[in-house]
Amino acid sequence: MGRKIEEKHELGTYTAEFLEEMKPLGEDRKTQFLPDSTSETMARLGGRTLGIFLANIMCPLAEKFGDEVWEIVKETMYEIGRQRAATMVRTMKIDDLEDARCIGRIMDLEDNNSGIRGEWVEFGKKRAVKHEYKCPLDTPCKKCPEVCSVLLEALEQGTMDGLGIKLKNPILLTKTLPAGDPYCEVIIELEN
């Protein structure tokens with residue numbers, strides 16, 4: 001028997017049961033969740049779904065309407081980055097905007113929320129480098145690596161600009177798995 005949840009809301013009741021194993025629905029119409037619906041599993045599935053969505057939408061749109069599509073979505077992603085910057089700083093307790101590794105905690109949060117697996121290979125105050133070896137966006141974005149090199153790059157740049165961080169090189173993502181690189185590489189190098 002699994003764990004049950006029941007929440008009363010103004011317009012109805014939410015009930016769910018976390019099961020050891022999913023069973024046929026039968027006559028029982030209650031919401032059921034498997035126990036491995038952990039935040040890690042959900043992040044991996046959510047990241048993969050996002051990759052499939054973006055890759056299947058962006059490349060066909062760009063093929064039909066040209067590179068202007070990338071510019072429009074790039075501006076949107078940049079603005080999303082600017083809007084989320086303050087929240088990310090609070091969440092990750094980023095208290096030194098002149099320390100590259102401290103700023104890198106933004107990537108740690110994103111990696112955690114997206115199911116990405118990697119490590120910091122440089123930890124300097126002015127330069128920090130992270131290699132990401134496994135990413136749920138890898139396979140779906142192979143047919144459209146610009147999702148990472150254009151859109152996610154714009155998101156990160158918007159975040160940095162939203163915090164007033166001046167980078168030596170505005171390109172943060174120097175390598176990506178979908179483009180055929182052995183890992184995604186994030187370089188945070190601060191201006192002197």
Side-chain angles (χ1 to χ4, degrees), residues 39-94 97-98 100-118 128-181 183-191:
S39 57
E40 181 179 326
T41 300
M42 299 318 295
R44 184 175 29 80
L45 293 173
R48 186 171 180 279
T49 301
L50 175 64
I52 291 168
F53 174 77
L54 288 172
N56 284 310
I57 284 184
M58 288 306 302
C59 279
L61 282 173
E63 286 174 19
K64 183 167 184 164
F65 299 109
D67 287 341
E68 186 177 356
V69 168
W70 289 109
E71 291 306 312
I72 292 167
V73 179
K74 184 176 166 182
E75 288 173 21
T76 301
M77 295 297 282
Y78 177 87
E79 189 54 38
I80 291 169
R82 288 182 55 80
Q83 290 175 16
R84 74 182 187 154
T87 300
M88 295 187 89
V89 165
R90 280 191 309 276
T91 301
M92 294 306 285
K93 310 272 189 271
I94 298 169
L97 294 179
E98 295 184 18
R101 182 55 190 95
C102 189
I103 294 164
R105 294 178 101 186
I106 291 169
M107 300 310 298
D108 294 342
L109 177 61
E110 290 181 341
D111 289 359
N112 181 66
N113 292 344
S114 304
I116 296 170
R117 299 290 175 254
V129 179
K130 187 169 193 178
H131 289 173
E132 299 167 334
Y133 307 113
K134 185 176 180 186
C135 175
L137 293 176
D138 179 19
T139 300
C141 289
K142 281 196 185 318
K143 66 177 161 184
C144 192
E146 296 88 350
V147 167
C148 298
S149 62
V150 175
L151 301 185
L152 297 181
E153 174 68 29
L155 178 72
E156 301 306 342
Q157 191 60 55
T159 304
M160 297 298 148
D161 288 353
L163 296 172
I165 296 168
K166 301 294 181 205
L167 299 174
K168 188 173 187 178
N169 181 356
I171 304 295
L172 293 163
L173 303 172
T174 59
K175 297 178 181 179
T176 66
L177 288 163
D181 294 315
Y183 46 79
C184 294
E185 183 173 68
V186 178
I187 298 177
I188 299 171
E189 188 167 6
L190 303 176
E191 285 186 349

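Atoms considered below: every heavy atom in the structure, side chains included; atoms not considered: hydrogens, waters and symmetry mates. Predicted, not measured: the structure shown is a model, and the values here were computed from it.
- Although no hydrogens or angles enter the test, the distance criterion places a donor-acceptor pair under 3.5 Å between the side chain of Asp181 and the main chain of Thr176.
- Lys175 has no carboxylate O lying under 4.0 Å from a charged side-chain N of Glu153, or vice versa, which leaves the two without a salt bridge.
- Within 6.0 Å of the OH atom in Tyr133, the count of heavy atoms belonging to other residues, nucleotides or ligands exceeds 12.
- The CG atom of Asn112 lies 8.5 Å from the CG atom of Asp108; values are rounded to the nearest 0.5 Å.
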(message) Does Val69 form a side-chain contact (heavy atoms from CB on, under 4.5 Å) with Lys64? I'd like the steps, not just the answer.
(response) CA-CA 9 Å; Val69 168; Lys64 183 167 184 164; over 6 Å; no
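- Counting only distance, with no hydrogens or angles, the side chain of Glu185 and the backbone of Thr174 share no donor-acceptor pair below 3.5 Å.
- Not a single donor-acceptor pair under 3.5 Å links the side chain of Glu79 to the backbone N or O of Gly158.
- A 4.5 Å side-chain heavy-atom check between Asn169 and Leu167 finds every atom pair outside the cut-off.
- Between the CE atom of Met160 and the CD atom of Gln157 there is a distance of 8.0 Å, given to the nearest 0.5 Å.
- Considering all non-hydrogen atoms of both residues, Lys142 and Pro145 come closest at O-CD, 3.5 Å.
- A heavy-atom distance below 4.5 Å is not found between the side chains of Thr91 and Met88.
- Ring geometry, His131 versus Tyr183: the interplanar angle falls under 30°, so the pair is classed parallel (tilted spans 30 to 60°).
- Residues Pro140 and Ala55 come closest through the heavy atom pair O-CB, 3.2 Å.
- Annotation for Gln83: atom CD counts as buried by contact number, over 12 foreign heavy atoms lying within 6.0 Å.
- Taking 4.0 Å as the cut-off between side-chain N and carboxylate O, Glu110 and Lys130 do not count as a salt-bridged pair.
- We find the CE-CZ distance between Met58 and Phe53 to be 10.0 Å, quoted to the nearest 0.5 Å.
- The shortest distance between side-chain heavy atoms of Ile103 and Leu190 falls below 4.5 Å.
- Cysteines Cys184 and Cys148 are not disulfide-linked, with SG atoms at least 2.5 angstrom from each other.
- A pairwise comparison of heavy atoms in Pro178 and Leu137 identifies CG-O, 4.1 Å as the closest pair.
- Taken to the nearest 0.5 Å, the CD1 atom of Ile106 stands 5.5 Å off from the CD1 atom of Ile165.
- Taking 4.5 Å as the limit, every side-chain heavy atom of Leu54 sits out of range of all side-chain heavy atoms of Glu146.
- Using a 4.5 Å heavy-atom threshold, the side chains of Leu177 and Glu132 count as separate.
- Atom CD of Glu191 has more than 12 heavy atoms from other residues, nucleotides or ligands within 6.0 Å.
- Distance check: Leu173 CG to Leu151 CG gives 11.0 Å after rounding to the nearest 0.5 Å.
- Atom CG of Asp67 is surrounded by 12 or fewer heavy atoms from other residues, nucleotides or ligands within 6.0 Å.
- Inter-residue side-chain proximity for Val186 and Val129 is flagged as unmet; no heavy-atom pair is nearer than 4.5 Å.
- Interatomic distance, NZ of Lys166 versus CD of Glu98, reported as 13.0 Å (0.5 Å rounding).
- Lys143 has its side chain within reach of Asn56: a pair of non-hydrogen atoms, C-beta onward, lies under 4.5 Å apart.
- Taking every heavy atom of both residues into account, Ala128 and Ala100 meet most closely at N-CB, 3.7 Å.
- Scanning for salt bridge (charged side-chain N to carboxylate O under 4.0 Å, His left out) contacts around Asp161 gives an empty result, with sequence neighbours left out.
- In this structure, Asp111 and Arg117 have side chains that are not in contact, with every pair of non-hydrogen atoms separated by 4.5 Å or more.
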